[in-house]
**Q** 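One structure follows; several queries about it will come next.
What you are looking at is a predicted structure, and each value in this text was computed from that prediction instead of being measured. Below, chains carry the letters A, B, ... as their sequence lines are ordered, and counting in each starts from 1.
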Amino acid sequence: MNVRMGVDIGGLTLKNPVMTASGTFGYGEEYAGYLDLNRLGAIVVKGLSLNPREGNPPPRIIETASGMLNAVGLQNVGVKEFIDKKLPYLRTIEPAVVANIFGESVEDYVKVAQILSDAKGVDALEVNISCPNVRRGGIAFGSDPTLAGEVTKAVKGVSRLPVIVKLTPNVTDITEIARSVEAAGADALSLINTLTGMSIDIEKRVPHLEHVTGGLSGPAIKPVALRMVWETVNAVSIPVIGVGGIMNASDAIEFLIAGARAVQVGTANFINPSVAVDIIDGIERYLLDNNIDDIHDLIGTLRI
Amino acid sequence: MNVRMGVDIGGLTLKNPVMTASGTFGYGEEYAGYLDLNRLGAIVVKGLSLNPREGNPPPRIIETASGMLNAVGLQNVGVKEFIDKKLPYLRTIEPAVVANIFGESVEDYVKVAQILSDAKGVDALEVNISCPNVRRGGIAFGSDPTLAGEVTKAVKGVSRLPVIVKLTPNVTDITEIARSVEAAGADALSLINTLTGMSIDIEKRVPHLEHVTGGLSGPAIKPVALRMVWETVNAVSIPVIGVGGIMNASDAIEFLIAGARAVQVGTANFINPSVAVDIIDGIERYLLDNNIDDIHDLIGTLRI
Amino acid sequence: MKPGTFATVFSQRETVKGHFLMTVKAPASFREAIPGQFIMVRLEGSTPPFLSRPFSIYSIYSQGNDTFVEIFYKVVGKGTLAFSRLQEGDALNILGPLGRGFDIPPSCKKIVLIAGGIGVAPLSFLAQHCGEDTRGTEIICYLGAGSLETVAGLDRLEKICSAVEISTDDGSRGYHGPVTGLFKRDMGLYPEDTTWIYSCGPRPMLRGLQKLLKDQPCVCQVSLEERMACGIGACLGCVVSLRPDGAEGSLVRVCKEGPVFDIRDVEFGE
Amino acid sequence: MKPGTFATVFSQRETVKGHFLMTVKAPASFREAIPGQFIMVRLEGSTPPFLSRPFSIYSIYSQGNDTFVEIFYKVVGKGTLAFSRLQEGDALNILGPLGRGFDIPPSCKKIVLIAGGIGVAPLSFLAQHCGEDTRGTEIICYLGAGSLETVAGLDRLEKICSAVEISTDDGSRGYHGPVTGLFKRDMGLYPEDTTWIYSCGPRPMLRGLQKLLKDQPCVCQVSLEERMACGIGACLGCVVSLRPDGAEGSLVRVCKEGPVFDIRDVEFGE
Ligand SMILES: Cc1cc2nc3c(=O)[nH]c(=O)nc-3n(C[C@H](O)[C@H](O)[C@H](O)COP(=O)(O)OP(=O)(O)OC[C@H]3O[C@@H](n4cnc5c(N)ncnc54)[C@H](O)[C@@H]3O)c2cc1C
Ligand SMILES: Cc1cc2nc3c(=O)[nH]c(=O)nc-3n(C[C@H](O)[C@H](O)[C@H](O)COP(=O)(O)OP(=O)(O)OC[C@H]3O[C@@H](n4cnc5c(N)ncnc54)[C@H](O)[C@@H]3O)c2cc1C
Ligand SMILES: Cc1cc2nc3c(=O)[nH]c(=O)nc-3n(C[C@H](O)[C@H](O)[C@H](O)COP(=O)(O)O)c2cc1C
Ligand SMILES: Cc1cc2nc3c(=O)[nH]c(=O)nc-3n(C[C@H](O)[C@H](O)[C@H](O)COP(=O)(O)O)c2cc1C
Ligand code: FES
Ligand code: FES
């Protein structure tokens with residue numbers, strides 16, 4: 001095929017705009033048997049913290065109408081084991097490797113960012129700011145413009161890598177957070193993370209999730225994600241990556257038309273492990289059908 | 001059946017906890033041929049403003065995964081015609097009549113509240129504070145605790161009726177708004193209104209809705225609604241009415257277990273016009289099956 | 001009462017490419033349906049479609065105690081795709097008959113039907129109805145399609161109408177061009193005072209017809225389509241703009257005030 | 001590669017009340033499946049279920065170039081209800097075979113299967129496998145059910161096992177009480193060193209079995225169930241807590257490290 005699919009996300013060069021979303025694609029290798037990993041634009045790995053974390057007790061997931069709630073609780077192997085055990089494999093494949101990071105304090109974020117910036121094979125950082133700041137009474141970094149700016153600035157200060165900041169949708173005005181993060185030096189934004197939700201077992205009268213609440217993902221949230229991406233694209237000048245409920249090429253194209261420079265596929269990977277490749281193929285087909293030879297001529301072409 | 005289903009919502013007495021949500025049940029009479037209206041706990045009518053409003057140009061609705069977006073834009077006959085043409089019919093049937101009201105300034109709200117408080121047959125007011133305040137640069141009343149409190153206080157000041165304040169979910173912390181509204185004198189809260197969303201026609205590259213964004217409703221949003229109801233129940237002491245994605249008795253029971261004193265059925269009415277009665281029957285059956293003889297012994301029984 | 005009704009698929013087949021004729025076994029209340037009225041259809045317990053989908057009644061007939069409703073539809077998206085996979089015996093939920101149907105003038109001499117694509121569905125029901133009721137009325141049908149493989153509803157119309165004229169966008173059958181072009185050719189043949197025109201089809205076609213009829217004061221009723229949620233006048237989702245006689249525009253509900261309107265009142269936009 | 005695979009329903013029938021046996025025509029890659037492994041199943045283009053649902057492989061066989069996978073399941077919710085309505089020829093999407101199956105000891109003399117309800121599915125596959133491979137092994141099965149109408153999977157087991165003992169909660173057939181009670185009665189008959197026990201069933205039953213075996217050091221493997229999203233180790237949704245030999249607890253993925261575990265390692269909670 002003869003269409004140009006490459007995009008640049010604040011210094012991160014991708015051969016196509018399709019990435020896999022953090023927490024939904026393991027460390028990449030889990031999917032090796034199910035699709036040609038080398039087709040992907042980028043792989044965003046499961047969120048990494050300084051030390052390994054066990055996450056929340058089960059049950060951790062429950063299906064909802066066109067979606068799912070998860071309370072995995074950021075279980076991960078920790079940044080050291082990631083570098084020793086997971087990164088070597090990721091270095092052998094083509095897609096850009098984006099390390100998603102989180103912490104409970106600005107210092108946590110900084111340390112993880114430092115360690116990963118020195119590791120060969122990490123191409124960008126994605127900073128998940130949906131986590132509660134334990135020092136400041138548990139307010140999520142991502143729901144306060146000042147905190148969001150602070151953590152962005154601190155990470156930028158110690159990393160030579162492109163820094164993508166991942167925004168939470170559980171806020172009144174996402175553009176306020178986006179502008180603050182942009183001002184603090186972020187190279188790009190990704191949105192949305194999950195919406196906080198809940199589900200109850202009416203026979204036992206207990207929450208379906210041991211953690212009570214969880215993050216809602218899947219096609220149910222796509223309209224909210226698309227609206228927030230569109231608002232954010234109109235509010236900042238750094239690139240925006242669209243995430244939320246993308247199940248097929250048509251969904252991905254909606255985000256691109258709204259102005260997203262790239263997309264991330266999350267929950268859909270669970271339902272069809274080769275969906276990311278289907279989406280890449282579908283976008284290419286759409287470009288061909290519409291006589292568009294460069295993806296940039298599609299991005300942000302929404303007519304209002 | 002021998003279970004007690006009656007509830008009291010801040011002075012509004014209902015024979016059962018099932019209401020129909022504003023904007024999804026017209027002025028009641030539209031559904032007269034499809035279910036026995038006299039079975040309902042209450043009917044909340046389409047949002048009323050001082051003057052009639054045409055609403056937004058079409059297309060106004062689009063289906064999404066397990067939900068729909070609407071940008072009806074608060075089209076309504078205005079409070080005068082409501083009293084002259086719609087209320088007389090509502091007076092002939094048993095359910096409590098809740099008048100949903102909105103305005104673009106505090107004065108608007110006050111005037112509508114005054115007129116309706118004097119009208120025979122209106123049993124309570126539901127104040128929709130999701131609307132933009134045109135005087136204050138278009139910030140929605142409902143996304144600012146101070147504005148939300150102001151409008152609540154003003155409406156309470158002129159009305160002898162129970163005042164239910166309907167909260168928007170498009171906020172960082174719904175409990176902050178809820179507490180402010182409670183402090184301002186609200187008799188009850190209802191939540192949630194729609195989440196703001198968007199959808200794009202990828203062939204024409206235009207938004208599906210002429211208004212660009214719209215309100216997301218239906219089962220897609222139920223997990224978010226349930227979480228917010230649970231958070232709010234734990235934050236205030238006035239009664240909370242649960243709304244959002246309730247499609248059947250099981251969904252309604254989830255909200256009651258989470259602590260909602262009553263529920264509103266919205267989008268489900270479109271799909272099955274007699275669903276509200278099915279839900280009442282289903283709740284009764286559940287109570288019988290579980291040897292609960294008063295609905296209050298179900299409300300708020302979630303075990304964490 | 002016309003509550004939502006469980007119904008079952010009695011038969012279904014693809015008539016022309018992508019067009020399905022489904023017969024649904026329905027309650028007796030459906031017998032009263034008037035041409036131009038519609039039903040809302042959904043599956044029970046499975047999505048998509050999430051919302052019910054509106055379809056014109058293509059025909060109704062009774063056999064013993066059973067009433068059968070036919071719908072004739074084109075697969076254009078998720079909902080119609082899901083319906084097209086239904087087989088005999090599968091459950092459906094239908095609501096109706098809904099809306100205001102066509103006015104049928106007992107006195108008129110000539111009835112002209114102008115159908116664009118699947119817009120043929122309500123017009124065919126009308127033709128059937130008029131063919132039965134008012135013998136002696138001449139019914140002429142103009143049928144537009146994309147190409148010869150998708151000329152829909154022809155068989156039935158040929159049995160009822162005095163003439164069926166066909167147009168295709170690609171000229172592969174009949175007149176080459178829009179069905180409005182074909183009708184324009186013959187317009188002079190129809191006396192204003194004794195001709196009633198009925199039309200249904202895509203919006204650009206109806207807009208074209210409206211222009212054509214600007215100086216032709218004969219009656220023309222159109223059946224409009226708009227996205228619907230409730231079908232019964234409650235959601236205000238299905239409005240269109242009317243501007244009768246240059247009066248101030250107003251929004252009306254296709255499901256309640258329509259789907260049939262006087263073509264002169266409709267504001268079709270750009 | 002074992003990408004998600006289109007498969008078709010070859011046959012389906014209700015065996016005992018609410019229990020369905022579905023045969024799916026699958027790609028040849030499924031031939032390699034080991035007892036205890038599972039597949040993820042979903043519908044194509046329709047929900048519910050939104051997520052795929054895990055089912056143990058009940059049996060696999062080939063005919064010519066075709067491989068057939070059997071699943072045996074109980075309708076408990078939306079997903080299984082939707083599956084139960086599928087008919088011959090309907091499309092499915094399946095992923096597998098997945099997970100780590102049972103260890104099969106070539107030397108053991110006695111195999112004891114303890115099944116609670118639909119937990120019989122993976123055990124029946126195991127019995128079939130052992131019955132074929134290691135002639136001379138004695139297989140005894142304890143089968144628990146709610147009441148006599150829901151004793152599931154009996155026919156097939158009776159053909160393979162030396163004995164099938166039945167228990168029902170209401171005493172309407174066989175032993176009156178939990179299947180663990182029935183097994184307890186016979187426990188003394190099984191020598192520790194030559195008996196392997198395999199079990200699958202509801203959590204309270206497995207917890208009971210774990211207690212029963214505290215002082216009985218014979219091998220016992222269980223197949224666990226947990227809600228799953230991906231089935232391939234990526235979502236971390238399906239974890240259970242293991243606490244082998246009093247060591248510090250750790251969370252493992254049922255889909256990847258399991259679904260088969262040593263019963264002594266599992267922390268069943270309250
Ligand atoms: C009163 C009425 C009568 C109708 N009668 C018939 C009929 O007899 N036969 C028939 O084939 N169709 C009829 N339609 C149109 C039919 O309702 C739509 O084709 C159907 O809803 C599409 O559903 P979908 O899920 O397949 O498409 P979607 O996936 O929802 O959409 C696919 C495409 O169809 C268009 N579309 C969707 N809904 C409508 C709608 N309500 N009206 C017009 N275009 C729409 C969309 O713009 C989109 O381009 C009628 C519509 C109305 C309002
Ligand atoms: C490895 C594995 C193998 C399995 N093999 C079989 C099998 O061979 N036959 C069979 O009938 N079932 C089997 N199950 C259980 C089966 O997956 C669930 O019954 C099914 O997912 C329920 O789907 P549903 O949509 O009908 O129920 P839902 O509507 O999702 O839930 C209904 C009820 O089922 C319970 N449930 C839901 N999912 C699971 C789950 N994954 N595990 C346990 N309970 C659940 C819920 O707690 C709830 O009470 C297996 C599960 C696993 C993990
Ligand atoms: C099981 C699961 C785990 C997730 N873990 C992370 C994570 O570790 N870090 C993060 O930033 N986002 C995480 N997410 C959020 C996703 O990356 C994505 O933002 C969200 O799921 C919305 O996209 P989707 O609807 O396509 O899944 C997780 C999502 C799921 C479903
Ligand atoms: C078409 C439509 C119109 C609505 N109009 C109003 C309104 O006028 N006032 C209001 O407070 N809420 C309005 N709502 C919101 C509903 O009352 C309800 O809060 C929301 O739809 C969530 O509930 P649901 O998921 O059950 O529909 C409207 C919703 C829909 C779908
Ligand atoms: S479809 Fe709801 S008002 Fe017409
Ligand atoms: S189901 Fe996803 S890790 Fe096991």
**Q** Measuring only between side-chain heavy atoms, which start at C-beta, is A/Arg227 closer than 4.5 Å to B/Asn170?
**A** yes
**Q** Flag the pair B/Trp230 / A/Ile200 as yes when at least one side-chain heavy-atom distance between them is below 4.5 Å, and no otherwise.
**A** no
**Q** Sort A/Ala258 into side chain, backbone, both or neither according to what part of it lies under 4.5 angstrom from a heavy atom of chain B.
**A** both
**Q** Report which part of B/Thr301 has an atom under 4.5 Å of a heavy atom belonging to chain A: side chain, backbone, both, or neither.
**A** both
**Q** Quick one: of A/Pro223, A/Ala220, A/Gly197, who has the most non-hydrogen atom pairs under 4.5 Å with chain B?
**A** A/Pro223
**Q** Should B/Thr172 and A/Glu176 be marked as a side chain to side chain contact (heavy atoms under 4.5 Å, CB included) after you check the CA-CA gap, both sets of side-chain angles, and the distance that decides it?
**A** CA-CA 12 Å; B/Thr172 305; A/Glu176 192 188 3; over 6 Å; no
**Q** Does any backbone or side-chain atom of A/Ser199 lie under 4.5 Å from a heavy atom of chain B? Answer side chain, backbone, both or neither.
**A** both
**Q** Any side-chain heavy atom of A/Arg205 within less than 4.5 Å of one from B/Asn290?
**A** yes
**Q** Flag the one option from B/Thr196, B/Leu226, B/Val212 with the top tally of heavy-atom pairs under 4.5 Å to chain A.
**A** B/Thr196
**Q** Working to the nearest 0.5 angstrom, can you tell me the gap between A/Glu203 CD and B/Ser250 OG?
**A** 8.0 Å
**Q** Can you tell which part of B/Ile253 gets under 4.5 Å to a heavy atom of chain A, answering side chain, backbone, both or neither?
**A** both
**Q** Checking A/Tyr286 against chain B: side chain, backbone, both or neither under 4.5 Å from a heavy atom?
**A** side chain
**Q** Quick check for you: among A/Val224, A/Asp144, A/Val171, A/Asp201, which has the greatest number of heavy-atom pairs under 4.5 Å with chain B?
**A** A/Val171
**Q** Quick one: what part of A/Ile202 sits under 4.5 Å from any heavy atom of chain B, side chain, backbone, both or neither?
**A** both
**Q** Hey, which of B/Ile304, B/Val206, B/Leu69, B/Asp173 has the most heavy atom pairs under 4.5 Å with chain A?
**A** B/Val206
**Q** Top residue by heavy-atom pair count (under 4.5 Å) with chain B, among A/Met247, A/Lys204, A/Glu210, A/Met228?
**A** A/Lys204
